[in-house]
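The structure appears right after this line, and notes come after that.
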2 protein chains.
Amino acid sequence: MLAALDRSLISELPLFTGLAGNALDRILEPATSIRCAAGDAVFEQGEPATRFFVLLHGRLRVTQITGEGQQVVVRIINPGDLFGMAKALNRDDYPGTAMAVVDTTALAWPMEFWDDLLLAHSRLALNATQAIGLRLEDAHVRVREFATEEVERRVAHAVLRLAAQAGRAAPEGIRIDFPISKQDIASMTATTMYTVSRVLSAWQRAGLVDVGRQQLVVCDAHRLMMIGDGHERGLL
Amino acid sequence: MLAALDRSLISELPLFTGLAGNALDRILEPATSIRCAAGDAVFEQGEPATRFFVLLHGRLRVTQITGEGQQVVVRIINPGDLFGMAKALNRDDYPGTAMAVVDTTALAWPMEFWDDLLLAHSRLALNATQAIGLRLEDAHVRVREFATEEVERRVAHAVLRLAAQAGRAAPEGIRIDFPISKQDIASMTATTMYTVSRVLSAWQRAGLVDVGRQQLVVCDAHRLMMIGDGHERGLL
DNA sequence: CGGATTGTTGAGGATACTCAAGTTAGGTGG
DNA sequence: CCACCTAACTTGAGTATCCTCAACAATCCG
């Protein structure tokens, strides 16, 4: 028999604000907690969507594979984020693959509780619209970037977002808190590993970043922002 | 004194399915109806977001202007769509401009009713998450297209989407039901007017479409799909 | 230590952009 | 109803960005 999950796991998360303690308990009742080691997939593209999730600790990378086999990184999931709610997209399979980039824990609910929970807790439903709305705006920002910015600026924005969402203070600057390859950055910014490598090397020479194998430290966020916003000539 | 709005205006819309008649009446109470002539803006980017809307008739084009003055078409709003719900994005201004491309009518609610309505009608909240979720998926599709497809395929997909959402049967094929310029298509697909012109001209020569000034008829949707999915060599 | 994964760098070339110079269509006012 | 004006569109030529390909270097891991 499982120990009941404690409401303190979720009570501080934006998705659950405004909900009373006993409501949290009822929401948690059908939930189970899951663990993934780095490299494990929580779910894979095309698989029937049987559960939805809230990330507690760790970091996930959601990718999609196109018909031609190209990989696109759709989003990075950070602690507190709701994910895998295929029901909200009117789907019964997962549109992408969610893979842990570091060891990760999450809460999982059977998908049939999606409607019930939102109907029973209207504040949760309100919070969910907001959570999805924020992601929609993120997506629009990316669309706008792809539509109007050249490679170097897109990479600058992607790196700054990573620093904001998953940055950790380090002596040299802001360190991205999980292993990230040039290929990852390339498939977030619609370019190639080669170009990302060239861009980051140029930035490294200028002292803006410190790059290594699967690691990245932002040393001069302000100048990166200038490049991202087109106020400074790029270094390519 | 205004005549009350009739529930039949909205009872068939997906956003309001599952709601009882008297709930619809209560939802409509704070609503007013608005009209816009072609070319009028329902709201403009940066303006304080005082109202949210549901489109009844007509068609809107939502654009954003970047810092450098480039215009991006974020989406086309079709009848039945919810729009302008800045509250769901945690904003108090509109992130884009919604302009009528044909004469248009819509329902408008004061923004302060957003939370109240969703909390009072949990089915509405559920439907709203789904509406926003569908748009999120649309946005992801666009991101994936920008990231992996070349211009001609992006244009093919954009044209097919227009045909699906705003197509009207015509003797020669599926006519896009509102005036749309090459520049519009360019800012939906992240390219230039010049390139769109070349692409559509080539398609016209091959009999796939019939283009005119601000008008577009899809004659061979199947071959366009083949081009969009990369199964057929493009015509450029 | 060897194999695999990840990253670097150069050279060449394709896609699609920019710029320029037109043409066509629509609306407007005389 | 025609002349004009503007906005939309077309087409060509030149070119920049960034992709592709190839060869190699570095790092990790068992």
Side-chain angles (χ1 to χ4, degrees), chain A residues 37-39 61 68-73 99 101 145-156 158-159 176 178-205 209-217 227 230 233-236, chain B residues 37-39 61 68-73 99 101 145-156 158-159 176 178-205 209-217 227 230 233-236:
Chain A
R61 189 188 48 197
E68 281 99 39
Q70 282 188 83
Q71 191 181 76
V72 181
V73 174
M99 176 166 292
V101 289
E145 285 178 8
F146 283 141
T148 62
E149 297 177 1
E150 299 182 341
V151 169
E152 189 173 4
R153 294 180 55 187
R154 295 203 304 270
V155 175
V159 167
I176 308 304
F178 59 89
I180 184 154
S181 68
K182 306 284 181 289
Q183 181 58 58
D184 289 332
I185 297 176
S187 38
M188 288 185 229
T189 51
T191 182
T192 60
M193 208 191 68
Y194 312 110
T195 298
V196 172
S197 177
R198 283 184 245 269
V199 168
L200 292 183
S201 295
W203 290 351
Q204 167 120 299
R205 265 174 255 127
V209 296
D210 191 9
V211 293
R213 189 190 174 82
Q214 306 222 60
Q215 58 184 348
L216 177 54
V217 180
I227 290 175
R233 183 80 189 87
L235 302 174
L236 287 191
Chain B
R61 188 188 50 196
E68 281 97 40
Q70 280 188 85
Q71 191 180 75
V72 180
V73 174
M99 177 167 291
V101 289
E145 286 178 7
F146 284 142
T148 63
E149 296 176 2
E150 298 182 341
V151 168
E152 189 174 4
R153 295 180 55 187
R154 295 203 303 268
V155 174
V159 167
I176 307 306
F178 59 89
I180 184 154
S181 67
K182 305 284 180 288
Q183 180 59 59
D184 289 333
I185 297 176
S187 35
M188 288 185 226
T189 51
T191 181
T192 60
M193 209 187 66
Y194 312 109
T195 298
V196 172
S197 177
R198 283 184 245 268
V199 168
L200 292 183
S201 296
W203 290 351
Q204 169 126 337
R205 264 174 257 128
V209 296
D210 191 10
V211 293
R213 189 192 175 81
Q214 304 222 61
Q215 58 185 352
L216 176 54
V217 180
I227 289 176
R233 182 82 188 85
L235 302 174
L236 286 193

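Numbers restart at 1 for each chain; the letters A, B, ... are given by sequence-line order, proteins then strands.
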Minimum heavy-atom distance A/A190-B/F146, with the two atoms named: CB-O, 4.3 Å
Contact list for residues 182-195 of chain A, test salt bridge (Lys or Arg N to Asp or Glu O under 4.0 Å), sequence neighbours left out: A/R61-A/D184
Chain A contact limits on DNA chain D, taken 5' to 3' with a cut-off of 4.0 angstrom to heavy atoms: D/dC18 to D/dC28
Difference in axis direction between the ends of the helix from C/dC1-D/dG30 to C/dG30-D/dC1, five pairs, 10°: 40°
Value rounded to 0.5 Å, distance of CD in A/Q214 from CD1 in A/I176: 13.5 Å
Along DNA chain D (nearest heavy atom to each residue), the more 5'-positioned of B/K182 and A/E152: B/K182
Minimum side-chain heavy-atom gap A/T189-A/V151 below 4.5 Å: no
Side chain proximity check, A/L216 to A/D210, heavy atoms < 4.5 angstrom: no
B/E145 (side chain) donor-acceptor with B/R154 (main chain) under 3.5 angstrom: no
Exam field: side chain A/S197 to backbone A/M193, donor-acceptor pair closer than 3.5 Å: no
Boundaries of the DNA chain C segment in contact with chain A, non-hydrogen, under 4.0 Å: C/dT5 to C/dA11
Sugar-phosphate only, base, or nothing, as touched by B/A190 at under 4.0 Å among non-hydrogen atoms: sugar-phosphate
Counterpart residues, side chain to side chain contact (heavy atoms under 4.5 Å, CB included), relative to A/Q215 (two or more places apart): A/R175
Close side-chain approach of A/T192 to A/T195, heavy-atom, < 4.5 Å: yes
Pairs touching residues 187-204 of chain B that satisfy salt bridge (Lys or Arg N to Asp or Glu O under 4.0 Å), sequence neighbours left out: none
Residue whose nearest DNA chain D nucleotide is more 5′ - A/V151 or A/R213: A/V151
